[in-house]
Amino acid sequence: MNYTEVHKKWQKYWNEHDTNKFDPKSKRPAYYHLDMFPYPSAANLHMGHYFHYAPSDTHARFMRMTGHNVFHPMGYDSFGLPSENHALKTNTHPGPNTTTNVERFTRQLNELGGMYDWNYSLTTSEPDYYKWTQWLFLQLHKHGLAYQKEAAVNWCSGCQTVLANEQSQDGKCERCNAEVVRMNKNQWFFRITDFADELLTDLDKIDWPAKTRAMQTNWIGKSDGARITFDGIDVFTTRIDTINSVTFLVLSPEHPFVDKLTTKEQSRAVAEYKKMAAKKSEIERMENHEKTGVFTGHYVTNPYNGDRVPLWVADYVIYGYGTGAVMGVPGYDERDREFAEKYNIQILENEFVPVAATIKKLGKSARTETTYRLRDWSIGRQRYWGSPIPIIYCDKCGVVPVPEHQLPVMLPHLDDFKPRGAPPLANDPNFVKTTCPICKIPAKRETETMDTFVCSSWYFLRYPTVGNDKIAFDKTTARQIDTYVGGAEHACGHLLQARFITKFLHKHGYINFNEPAKKLVHQGMILASDGQKMSKSKGNTIAPDNYVAEFGSDILRLYMLFGFNYTDGGPWSEGTLKTMPRFIERVIRAVEQINCEMETDPEVQHIRATTIAAVRTDMQDFSFNTAVARCMELLNAISAAKGKSRESIRDLILCLAPMIPHIAEELWDMAKLPRKTGESIFNMAFPTADPNHLERAMVEYVVQVNSKKRGTITVSKDATQKDVEAAAQKLLDGTTPKKTVYVPGRLINFIV
RNA sequence: GCGGAUAUGGCGGAAUUGGCAGACGCGCUAGACUUAGGAUCUAGUGAGCAAUCGUGGGGGUUCAAGUCCCUCUAUCCGCACCA
């Protein structure tokens with residue numbers, strides 16, 4: 001078989017006959033199968049893309065063949081830093097780059113054999129998409145969930161810009177190596193914390209991997225405890241039962257009370273300490289665990305026992321968590337002990353006090369409280385390549401949202417989009433200058449753009465409505481994703497944000513469901529043959545391109561399905577890959593040897609039935625490797641039998657179809673199986689197992705004596721326990737068993 | 001430190017709900033066909049001469065444990081001064 005010709009032929013055929021077209025009016029049960037969309041990079045699809053998309057497409061095709069109206073769209077997550085940085089590096093522009101990259105990706109995804117209806121595709125950097133991202137921002141703003149506040153950020157002193165955490169390493173900017181400092185900046189946030197509790201509790205209602213749910217649980221970080229007031233300073237603690245052993249109180253350097261201190265000498269020391277702490281980057285604080293602090297000169301009263309305890313400032317207390325103040329219990333808490341030892345603070349042996357009684361005794365100065373580790377989502381970026389934030393600043397009216405009918409706020413073409421501290425859009429007077437929508441006086445546009453993860457937080461809602469310029473999505477066609485496939489690295493980013501946006505939209509009646517995806521699957525990672533991660537710097541990458549050019553994509557797809565557990569991934573094996581054409585050739589040989597129509601061989605009938613049943617469940621469970629193995633078993637059974645029936649070959653081809661879509665179409669014709677004009681095997685039904693052949697006529701039982709195998713017996717499948725016992729007794733040398741364990745259809749165990 | 005996972009032949013990996021461990025494939029061994037081929041076909045392939053022993057180590061429950069319980073070890077991933 002000329003694989004590459006076969007691939008071209010059937011891609012053309014599917015194209016000509018609209019095989020991949022989605023019919024929204026179909027009567028079949030709808031099934032939304034979605035892959036996380038790629039960022040269209042300047043390079044070709046890599047092995048990770050292939051391992052993600054090819055097996056996932058197999059699942060989608062299988063669902064289609066089992067009677068579902070599968071909606072399996074594909075799009076591009078094209079805004080964001082990677083595109084922008086690549087353009088900066090190569091002295092090009094992200095706009096035209098995106099266009100060429102999208103074209104190339106689309107071509108390659110078609111070569112891969114993806115069953116995508118491109119009429120439903122979207123590209124997030126196109127105005128017809130980001131118009132609605134801006135609309136989403138306005139809805140959040142309308143409901144008070146998009147807001148501005150002063151907050152600490154990582155600021156690169158060299159590039160004069162805010163950095164994402166991953167861009168600052170060891171307190172240095174990854175690009176210019178300059179120092180990264182913490183500074184306060186007015187920033188846009190989405191109030192994801194409003195949904196903290198729902199995001200946590202609803203994890204139990206979705207079929208997502210345990211690992212992902214655990215990660216989100218940790219990320220949300222719910223703590224039940226109490227808020228206690230020490231002379232007006234609130235602390236949060238989960239261990240109110242240690243309150244009798246408090247020997248000091250600690251404020252984080254950013255705590256407002258720090259600025260209210262009046263004792264002259266002490267406040268100078270405190271101010272200096274605060275300055276020093278502020279300079280330290282977040283990363284430095286996390287990595288350098290040595291605790292530093294300064295005494296404020298103040299004492300506060302323990303509301304439980306009236307003790308006067310010293311008030312300290314220390315940077316091991318995080319302002320953003322709890323109240324930014326903690327009670328120091330060195331007799332119980334290791335960190336407090338370390339701090340107390342360093343600064344010679346009194347350490348009291350801890351004695352626990354009863355929780356309920358303590359809270360009651362404290363009265364007004366204490367109340368139970370729940371706090372979360374989750375923080376609001378910072379979405380403003382001082383960068384060019386993103387969706388402009390649809391906000392106007394008017395001297396008279398203040399912060400004014402852009403009216404919906406004025407959307408999109410177009411991202412202008414800038415030749416110079418280098419980040420220099422101020423957002424690049426601020427350099428474009430034509431963009432900045434506008435009029436206030438309310439009072440019509442001259443006003444200025446917001447020049448920050450949105451985090452690219454805002455684009456991806458809602459894109460799955462857009463697909464069914466692509467092309468509609470009147471609405472973002474429609475309550476009646478917006479669908480919850482049935483199965484969502486993508487990388488585990490998005491567990492606490494994209495996947496949490498998508499859940500947040502879904503919950504927000506549901507709460508306010510925009511959509512009818514409150515979770516984005518019923519079921520989530522993470523593909524594993526393909527490693528180099530030495531078990532290392534593939535990376536350009538190690539020079540151990542393997543590109544799909546050569547294999548696709550040599551064999552077409554089906555062979556590569558089949559190898560990916562067969563050679564790995566999909567959710568685990570594993571090391572590349574050239575040997576196993578090369579084996580795949582051999583399997584196909586064996587199928588072709590069987591096809592060529594067809595010599596009868598109906599299957600009469602009982603063994604083949606049995607294997608055929610069990611194969612179909614097993615492949616059905618395996619495909620549903622993403623257990624592709626065993627599904628392929630089952631097909632191999634069926635082929636082995638067919639090959640071993642004298643008669644090669646068209647009937648059995650037909651079922652084999654249909655079972656294989658989702659795994660080798662192009663080759664299967666060709667095999668279908670080779671086997672001279674019937675096809676209406678323009679029909680595809682993907683319009684046909686997946687075979688069903690014949691219930692009459694799921695069991696063999698004769699069943700083998702293992703006979704055990706004292707749980708050790710003594711032999712096997714073959715009896716009719718209808719044999720009763722008595723029959724089996726009678727047949728098995730022969731292996732017992734006449735002794736009478738004390739006890740008999742009988743497992744129908746499997747074994748009989750005599751205890752003597 | 002906290003959380004999640006993983007550990008099975010020479011290799012990738014299978015084992016419904018506790019019921020013949022090693023499916024399927026690679027590799028390997030022998031043979032067949034071949035005027036040498038990394039092709040195809042047939043047979044074999046966990047270890048051991050055997051009885052037996054074997055799913056990271058050690059305990060336990062059970063007629064029966066890769067699977068359930070306890071415990072330890074190693075590796076991977078995520079979070080981490082979260083009060």
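Sequence lines set the chain letters: A, B, ... in the order given, protein chains first and strands last, and positions in each chain run from 1.
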Proximal nucleotide (of [options]) relative to the [X] side chain:
X	options	result
A:R589	B:rG3, B:rC63, B:rU40	B:rU40
A:T237	B:rA83, B:rC79, B:rA14	B:rA83
A:I318	B:rC41, B:rC81, B:rG4	B:rC81
A:V741	B:rC63, B:rG25, B:rA23	B:rC63
A:E633	B:rA83, B:rA23, B:rG25	B:rA23
A:V326	B:rC63, B:rA83, B:rA14	B:rA83
A:T238	B:rA83, B:rC81, B:rG19	B:rA83

Just to be sure I understand the rule, does [X] reach a base, reach only the sugar-phosphate, or reach nothing, if contact means heavy atoms closer than 4.0 Å?
X	value
A:A629	base
A:G569	sugar-phosphate
A:F562	base
A:G221	nothing
A:S573	nothing
A:N625	sugar-phosphate
A:N565	sugar-phosphate

Residues which pass side-chain hydrogen bond (donor to acceptor under 3.5 Å, both in side chains) with [X], listed by chain and number, not counting sequence neighbours:
X	result
A:E341	none
A:D307	A:N305
A:T237	none
A:D723	A:T720

Task: Qualifying residues under side-chain contact (heavy atoms from CB on, under 4.5 Å), relative to A:P737, sequence neighbours excluded - done: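 A:P737 satisfies side-chain contact (heavy atoms from CB on, under 4.5 Å) with A:Q729, A:L732, A:T740, A:F750, A:V752 once adjacent residues are dropped.
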
TODO: Please list, chain by chain and in numerical order, all residues satisfying side-chain contact (heavy atoms from CB on, under 4.5 Å) with A:Q721, sequence neighbours excluded.
DONE: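 Here the qualifying residues are A:E725, A:Y742.
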
Open item on the list: Going by the rule ring-ring contact (aromatic ring centres under 6.0 Å, His included), which residues pair with A:H52 if we only count those two or more places apart in sequence or in a different chain?
Closed with: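 A:H52: no ring-ring contact (aromatic ring centres under 6.0 Å, His included) contacts found.
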
Would you mind reading off the distance between [X] atom [atom1] and [N] atom [atom2], rounded to a whole angstrom?
X	N	atom1	atom2	answer
A:Y332	B:rC81	OH	P	18 Å
A:I243	B:rA83	CD1	C1'	13 Å
A:L656	B:rC24	CG	P	16 Å

Is any side-chain nitrogen or oxygen of [X] closer than 4.0 Å to OP1 or OP2 of [N]?
X	N	result
A:Y316	B:rA83	no
A:S707	B:rU62	no
A:N636	B:rC24	no

Open item on the list: Is it the case that the base of B:rC79 and the side chain of A:N218 share a donor-acceptor contact (distance under 3.5 Å, atom types as modelled)?
Closed with: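 No such pair is found, so the answer is no.
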
- [ ] Assess whether one donor atom and one acceptor atom, taken from the side chain of A:K291 and the base of B:rC81, lie less than 3.5 Å apart.
- [x]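 Checked by distance alone, the answer is yes.
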
Open item on the list: As a test of the definition: with a 90° window around 0 for syn, would you call B:rG78 syn or anti?
Closed with: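 In terms of base orientation relative to the sugar, B:rG78 is anti.
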
TODO: Would you sort out whether A:E254 and A:K274 count as a salt bridge (Lys or Arg N to Asp or Glu O under 4.0 Å), showing the intermediate values?
DONE: CA-CA 7 Å; A:E254 299 92 338; A:K274 188 181 166 169; over 6 Å; no

Salt bridge check, [Y] against [X]: does any charged N sit closer than 4.0 Å to a carboxylate O?
X	Y	value
A:K291	A:E338	yes
A:E592	A:K644	no
A:R589	A:E585	no

Anything under 3.5 Å between a protein N or O and an N or O of nucleotides 48-56 of chain B, put it in a table, one pair a line.
none

Open item on the list: Show me the pairs that pass side chain to side chain donor-acceptor pair (under 3.5 Å) and involve residues 558-567 of chain A, at least two apart or across chains.
Closed with: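 Listed once each, the pairs are A:N565-A:T567.
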
Restricting to nitrogen or oxygen on both sides, can you table the protein-nucleotides 20-22 of chain B pairs closer than 3.5 Å?
| from | atom 1 | to | atom 2 | distance (Å) |
| --- | --- | --- | --- | --- |
| B:rC20 | O2 | A:K709 | NZ | 2.5 |
| B:rC20 | N4 | A:E700 | OE1 | 2.9 |

Open item on the list: Using a 3.5 Å limit on both distances, find every run of at least three consecutive Watson-Crick or G-U pairs that involves RNA chain B.
Closed with: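 RNA chain B stems, ordered by first number: B:1-7 with B:73-79, B:10-12 with B:24-26, B:27-32 with B:40-45, B:56-60 with B:68-72.
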
List, with names and distances, any nitrogen or oxygen atoms from the protein found under 3.5 Å away from nitrogen or oxygen atoms belonging to nucleotides 27-31 of chain B.
none

- [ ] May I ask you to test the A:I220-A:R373 pair for a side-chain heavy-atom distance under 4.5 Å?
- [x]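 A:I220 vs A:R373: side chains apart.
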
- [ ] Verify, without hydrogens or angle tests, whether A:H693 (side chain) and A:A609 (backbone) share a donor-acceptor contact under 3.5 angstrom.
- [x]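 Flag not set: sc A:H693 to bb A:A609 has no pair under 3.5 Å.
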
